[in-house]
Chemist: 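So that we are looking at the same thing, I have put the structure below in structure tokens.
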There are 2 protein chains.
Amino acid sequence: MAKSPMADAATENALRALETAIAHDIHAGLLLPGTWLKQIDLQERYGRSRGDVRRALDKLVAQRLVQQVHNSGYRVRPLDPKQLDELRQVRLILEGAAAETMLGRADAATLARLRNLAEGFSLAVEHRSILDQHEANQAFHAALLELCPNAELVRLVRETRLRLPSALLTQWHERGWVEESARHHHAMVDALEANDREAFCAVVRAHIRPSSRELAFKLSRAWAPIVD
Amino acid sequence: MAKSPMADAATENALRALETAIAHDIHAGLLLPGTWLKQIDLQERYGRSRGDVRRALDKLVAQRLVQQVHNSGYRVRPLDPKQLDELRQVRLILEGAAAETMLGRADAATLARLRNLAEGFSLAVEHRSILDQHEANQAFHAALLELCPNAELVRLVRETRLRLPSALLTQWHERGWVEESARHHHAMVDALEANDREAFCAVVRAHIRPSSRELAFKLSRAWAPIVD
DNA sequence: GGAGCCTAAATTGGTACCAATTTTGGAGTC
DNA sequence: GACTCCAAAATTGGTACCAATTTAGGCTCC
């Protein structure tokens, strides 16, 4: 019988789906940093076999979103303040560099789509739940990243963003931050449309800027330091 | 009985060791891009159980050094020219940013050590095998990276470097390249000692500069494109 | 009443086995 | 002689089982 790409894609997607499902729940704040991820619980929660759960957890360990302790299992990785600050710096480096590559690459249709997504986030900020805001924000940034021609850079940006518990961060930030983020999004599209490199990069950097030091402290002081 | 950190470290190191052993053989050119990594072969070659081999290969897949094809197994990931060029750009971004953070951080002892390693590479270039040159080069850059205070950035730089088949690259480059690399190393230490930011960053960038386009073509044309 | 120890349950991690799929080798046919 | 088809061997990937370790609960002793 001939090869069956359908089945291949199905199993591959199934495994990837579990991986992203767990990651999503971590980002949504359902699984807090420090939580122990018992294999039996995950197996029931997501309706998968234990082997699948183990493989997915191993992937998440490789992504540094989850930590494995021998004979104790997997836990959501608690980030210490130093690490959060370092990741913020890495985001500045990577997303700043990615921004440089995006100018002059957006056609009218793309600009319209980005405007739509920016407006979607603005609306979510006003009327919807924090989770919806999170989704809208991710949608905008995903669309923005598609402008970057360097696929490897895009992958690194995505992975780095995935390592920060964004849902928790926005939730705990000062009130004005989400509104400012919405303004940033519109400013980014404006700068892209005007092909203004300086302005665009400045906004991208400002978008990452907020210091998460005191926040990181709140997030981390309850858990033991990481020793890997 | 009390916890046994020794045993933990042992098993952990054992797994990591296998992972790095395979990665090393890939970089050394013993396992060429496109080679199928049969689990039985690896199991015999490194004297490990099949489970260990599978876990190590999964790690390498996560590092994008190895590719997994369902029902066909694992193969050394063939890089296409576009990807090599993109990785070169990412190296410029990351190592350039890392260089910015290194200035004013090297004390006399560290400078002496770096000089020693730079000289070690120069000697290897003149008198030793390509494999030794590769080792000496890695030793110098590992020591240099220790100057960067951002651990996350250091990790990214290491991972990105590990994704380029350096042994093959240096082997096939034009004759003068290794000698120029050796000069670069000395120039880096000089700039660090003089605390000359401009010069240091310029050398770091020049060290990555060589275009690998025609080389990438040679490396990749024999194998099918990557479709993940 | 509280601390310490010991037993039992639960959880993890590794190994062995088995089914599914691909590949290899050979026989038969055009 | 070359191509096709079929069967056997080999390899992969998943599942189930089992040992090792940790954790929880209860009992005893101080």
Side-chain angles (χ1 to χ4, degrees), chain A residues 1-19 21-22 31 34-62 65-78 223-224 226-228, chain B residues 1-19 21-22 31 34-62 65-78 223-224 226-228:
Chain A
M1 183 177 170
K3 196 173 167 180
S4 157
M6 283 273 286
D8 283 7
T11 58
E12 183 185 332
N13 287 353
L15 193 56
R16 184 71 59 91
L18 178 56
E19 185 189 333
I22 300 174
L31 302 170
T35 308
W36 287 101
L37 300 171
K38 290 204 284 193
Q39 294 175 12
I40 291 185
D41 291 347
L42 299 181
Q43 172 176 333
E44 293 174 1
R45 176 169 189 167
Y46 301 100
R48 301 304 207 78
S49 74
R50 201 156 84 93
D52 285 344
V53 170
R54 271 206 257 184
R55 267 186 295 280
L57 285 173
D58 281 336
K59 287 279 189 72
L60 292 174
V61 168
L65 204 72
V66 167
Q67 182 187 29
Q68 184 173 21
V69 182
H70 193 72
N71 283 332
S72 293
Y74 302 83
R75 69 190 303 197
V76 180
R77 193 174 228 269
W223 296 287
I226 301 170
V227 284
D228 63 351
Chain B
M1 184 178 167
K3 196 173 168 181
S4 155
M6 282 274 285
D8 283 8
T11 58
E12 183 185 333
N13 287 353
L15 192 56
R16 184 71 59 91
L18 177 56
E19 185 190 333
I22 299 174
L31 302 169
T35 308
W36 287 101
L37 301 171
K38 289 203 285 193
Q39 295 174 12
I40 292 186
D41 291 348
L42 299 181
Q43 172 177 333
E44 292 175 2
R45 176 169 188 167
Y46 300 101
R48 301 304 207 77
S49 74
R50 200 155 84 93
D52 286 345
V53 169
R54 270 206 257 186
R55 267 187 295 280
L57 284 174
D58 281 336
K59 289 277 189 71
L60 292 173
V61 168
L65 205 73
V66 167
Q67 182 186 29
Q68 184 175 23
V69 182
H70 192 72
N71 282 329
S72 292
Y74 302 83
R75 67 189 301 194
V76 181
R77 193 173 227 269
W223 296 287
I226 301 169
V227 284
D228 67 348

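Keep in mind that this is a model prediction, so the values were computed, not measured. Any value given below was found using the heavy atoms of this structure, including those in side chains, with hydrogens, waters and symmetry copies removed.
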Chemist: What nucleic acid atoms does A:Gly51 come within less than 4.0 Å of, heavy atoms only: base, sugar-phosphate, or nothing?
Modeler: nothing

Chemist: Take atom CH2 of B:Trp36 and atom C1' of C:dT21, then tell me their distance rounded to the nearest Å.
Modeler: 13 Å

Chemist: Within the side chain of A:Arg48, is there an N or O that forms a donor-acceptor pair under 3.5 Å with the backbone of A:Ala14?
Modeler: yes

Chemist: Please report the closest heavy-atom contact between B:Leu31 and B:Thr35, naming both atoms and the distance.
Modeler: C-OG1, 4.1 Å

Chemist: A:Gln67 CD to C:dT12 P: how many Å, rounded?
Modeler: 15 Å

Chemist: Rounding to an integer number of Å, can you tell me how far B:Arg48 CZ sits from C:dT15 C1'?
Modeler: 15 Å

Chemist: Donor-acceptor pairs under 3.5 Å, side chain of residues 36-47 of chain B to any protein atom, not counting sequence neighbours: which ones?
Modeler:
{"from": "B:Gln39", "atom 1": "OE1", "to": "B:Arg50", "atom 2": "NH1", "distance (Å)": "2.5"}
{"from": "B:Arg45", "atom 1": "NH2", "to": "B:Asp25", "atom 2": "OD2", "distance (Å)": "3.3"}
{"from": "B:Tyr46", "atom 1": "OH", "to": "B:Asp25", "atom 2": "OD2", "distance (Å)": "2.6"}

Chemist: Can you check the A:Leu15 CG to D:dT15 P distance for me, whole Å?
Modeler: 11 Å

Chemist: My understanding is that only residues two or more places apart in sequence, or in another chain, count here; which of them pass side-chain hydrogen bond (donor to acceptor under 3.5 Å, both in side chains) with A:Arg55?
Modeler: A:Asp52

Chemist: Without decimals, in angstroms, what is the distance between A:Gln43 CD and D:dA16 C1'?
Modeler: 12 Å

Chemist: Please produce a list of atom pairs where a protein N or O lies less than 3.5 Å from an N or O of nucleotides 8-11 of chain D.
Modeler:
{"from": "D:dT11", "atom 1": "OP1", "to": "B:Lys38", "atom 2": "NZ", "distance (Å)": "3.3"}

Chemist: Do the side-chain N or O atoms of B:Gln68 get closer than 4.0 angstrom to the phosphate oxygens (OP1, OP2) of D:dT12?
Modeler: no

Chemist: Which whole-number value in Å describes the distance from B:Asn71 CG to D:dG14 P?
Modeler: 8 Å

Chemist: Fill in the dot-bracket string of DNA chain D, one character per base: . for unpaired, | for a pair to another strand, ( ) or [ ] for pairs within the strand, taking Watson-Crick or G-U pairs under 3.5 Å.
Modeler: ||||||||||||||||||||||||||||||

Chemist: Within residues 52-61 of chain B, find the residues that approach DNA chain D with a heavy atom at under 4.0 Å, and present them sorted by residue number.
Modeler: B:Arg54

Chemist: Only counting residues at least two apart or in another chain, list the ones meeting side-chain hydrogen bond (donor to acceptor under 3.5 Å, both in side chains) with A:Gln68.
Modeler: A:Tyr74

